[in-house]
There are 2 protein chains.
Amino acid sequence: MIEIGEVTVPAATVARLPYYLRALRDLASRGVTTTSSTELAEASGVGSAQLRKDLSYLGSFGTRGVGYDVESLSSVITTALGLGSTHRLAIIGIGNLGQALANYSGYSSRGFEVAALLDVAPSVVGTRPAGGLVVEHLDALEEVLEREAVTMVVLATPGPPAQAVAERVVAAGVKEILCFAPVALQLPDDVVVRSVDVGGELQILAFHAAARAATAAR
Amino acid sequence: MIEIGEVTVPAATVARLPYYLRALRDLASRGVTTTSSTELAEASGVGSAQLRKDLSYLGSFGTRGVGYDVESLSSVITTALGLGSTHRLAIIGIGNLGQALANYSGYSSRGFEVAALLDVAPSVVGTRPAGGLVVEHLDALEEVLEREAVTMVVLATPGPPAQAVAERVVAAGVKEILCFAPVALQLPDDVVVRSVDVGGELQILAFHAAARAATAAR
DNA sequence: TAGATTGTTAATCGATTAACAATC
DNA sequence: TAGATTGTTAATCGATTAACAATC
């Protein structure tokens, strides 16, 4: 459960809010102005009861017998997700993945802005992989985070340095981290870490493939 | 719950097995041969009771009073995850992200092999972004999947074409998909889709940041 | 009014945690 | 044997689902 202002929202619900927002924007772009929990749930890949329950944690935004106004529900979720103000990101580790993340174009439409790129490799520091920003040296981490008023860090370093870098990030006051390094970061409880592990996802698929094969064999 | 052979493993447990495997390999690489549920759990970022419970679904592999043999537990999990045989991947969509995924070096150590790269852009088809493989045209999807005996697909296309491409992939017999496109794929129930949504992860972090700010303000 | 759809309640289900007997 | 640590049971907790009264 996560408290925000007066309300408390289950973590599982928070994790689904981005899906709803994405589906709403998609509906809006197709000219749909009103939707139902059934339609929106299908577009989000969840059940309609789940959707209504999730929205009920944020308040009551629909009209019985009618449905939801796409535009206003969209802005309710945008506000709940804290996307009203822009979040400034630093990407640390400008390898293959870091470069791809730096080049990703969807940030601004989602309320984010890449404010800094950092790495340690002499071959990368000083270059402009995404056209705009220059990669700065990790030595200047604290200075850069403060200068650019960074509030979130994307950690795309290899595994071994990740823990030490994360500790410096936290010491500099940034408490929201998206981690691509394949390690379990040990950080204070008030720091929020979301981890993306591509290799792990593939392994989970492999488990399902093995389960499929084992079941088919019987 | 997921059945595999005689056993049934909760989905939440399956999702943690990669963490345990990663931690075990890390311990092994540091020369540790025996570990305890406490040590392994800490390295994996979970509680020790959770770890023991999770392992209990697979069987009983420790020695009371002693702990677990790192090497043998590692191979138990490797087998459970179906990593005994190599899984052949096709990456579809060779943009920024697809290139980064193609260049990622950790596949072989984790039991995967990139067998094909596909795209539609004339500027990309025919090039060799990862040094080895040539990007083939999506028109030849079915042929390529069969020729290379692909068993899993990594979908790194933009959102709009993702659904149609996924349907072709499934029709060609591939039922394990890792999707990076920001859409909720509508596919038959026996197809397993894992989705990675970087934008969504950032939005979840933004929610936590907003919750932090709201709580601090009171 | 009749039909449709929300918001909420209550029941079910699954996951986590703590505690401890078994046992090395 | 004494100490340590597993594997499992039982209790708790959180999440999902179904059903329906409220109401537009």
Side-chain angles (χ1 to χ4, degrees), chain A residues 1-4 7-20 23-24 27 32-70 72-74 76-77 80 184 189 204 207, chain B residues 1-4 7-20 23-24 27 32-70 72-74 76-77 80 184 189 204 207:
Chain A
M1 296 293 203
I2 300 148
E3 281 182 53
I4 179 164
V7 242
T8 292
V9 185
T13 295
V14 173
R16 281 186 293 266
L17 293 179
Y19 300 160
Y20 302 150
L24 283 165
L27 288 170
V32 178
T33 58
T34 301
T35 189
S36 66
S37 61
T38 308
E39 182 182 49
L40 181 55
E42 183 173 343
S44 309
V46 306
S48 67
Q50 174 116 263
L51 169 68
R52 292 198 302 277
K53 183 105 237 256
D54 282 341
L55 292 180
S56 76
Y57 291 108
L58 301 178
S60 146
F61 311 104
T63 306
R64 287 164 136 104
V66 178
Y68 302 91
D69 180 70
V70 169
S72 69
L73 186 55
S74 200
V76 163
I77 296 178
D189 284 349
I204 294 168
F207 182 94
Chain B
M1 297 289 204
I2 300 148
E3 281 183 52
I4 178 163
V7 243
T8 293
V9 185
T13 295
V14 173
R16 281 186 294 267
L17 293 179
Y19 300 160
Y20 302 150
L24 283 165
L27 288 170
V32 178
T33 58
T34 302
T35 189
S36 66
S37 62
T38 308
E39 181 182 49
L40 181 56
E42 183 173 344
S44 310
V46 305
S48 68
Q50 174 117 263
L51 169 68
R52 292 198 302 277
K53 183 107 242 260
D54 282 342
L55 292 180
S56 76
Y57 291 109
L58 302 178
S60 146
F61 312 105
T63 307
R64 288 165 137 104
V66 178
Y68 301 92
D69 180 70
V70 170
S72 69
L73 185 56
S74 199
V76 162
I77 296 178
D189 285 348
I204 294 169
F207 182 94

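Quick note on labels: first sequence line is chain A, next is B, and so on, each numbered from 1. Computed over heavy atoms, backbone and side chain alike; hydrogens, waters and symmetry mates excluded.
Atom CG in B/L51 sits about 9 Å away from atom P in D/dG7, given to the nearest Å. Spacing between atom CZ of A/R16 and atom P of D/dG14 amounts to 15 Å, rounded to whole angstrom units. Atom CG of A/L17 is separated from atom P of D/dA15 by 13 Å (rounded to the nearest Å). Atom CE of B/M1 and atom P of C/dT12 are 18 Å apart (whole Å). If you measure from atom CZ of B/F61 to atom P of D/dT5, you get 20 Å, rounded to the nearest angstrom. Here the C1' atom of nucleotide C/dG7 and the CG atom of A/L40 are 15 Å apart, to the nearest Å. We find that OH of B/Y57 is positioned 11 Å from P of D/dT9, with the value rounded to whole Å.
Contact annotation: the side chain of A/S72 never approaches that of A/F61 to less than 4.5 Å [non-hydrogen atoms, C-beta and beyond]. Taking the side chain as every heavy atom from C-beta outward, B/V46 and B/D54 never approach each other to under 4.5 Å. Side-chain atoms of A/L55 and A/Y68, non-hydrogen and from C-beta on, do get closer than 4.5 Å to each other. Taking 4.5 Å as the limit, every side-chain heavy atom of A/V7 sits out of range of all side-chain heavy atoms of A/L58.
One finds a side-chain N or O of A/S37 lying less than 4.0 angstrom from the OP1 or OP2 phosphate oxygen of C/dT6. The phosphate of C/dT5 has neither OP1 nor OP2 within less than 4.0 Å of any side-chain N or O from A/S36. Note on A/Y68: a side-chain N or O is less than 4.0 Å away from OP1 or OP2 of C/dG7.
When distances run from any side-chain atom of B/S56 to the nucleotides C/dT6, D/dT8, D/dA15, the shortest one goes to D/dT8.
Note that CG of B/D69 is 5.5 Å distant from OG1 of B/T34, once rounded to the nearest 0.5 Å.
Base pairing of D/dA22 is made with C/dT5, judged by Watson-Crick or G-U wobble geometry with both donor-acceptor distances under 3.5 Å. Base pairing of C/dA11: its partner is D/dT16, meeting the Watson-Crick or G-U wobble criterion (both donor-acceptor distances under 3.5 Å).
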Chi angles and distances behind the side chain to side chain contact (heavy atoms under 4.5 Å, CB included) call for B/V70, B/T33: CA-CA 5 Å; B/V70 170; B/T33 58; 5.5 Å; no

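When each of A/R52, A/Q50, A/K53 is checked for a side-chain hydrogen bond (donor to acceptor under 3.5 Å, both in side chains) with A/S37, only A/R52 meets the rule.
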Base versus backbone protein contacts along nucleotides 17-24 of chain C [heavy-atom cut-off under 4.0 Å; B, S, -]: BBB--BBB

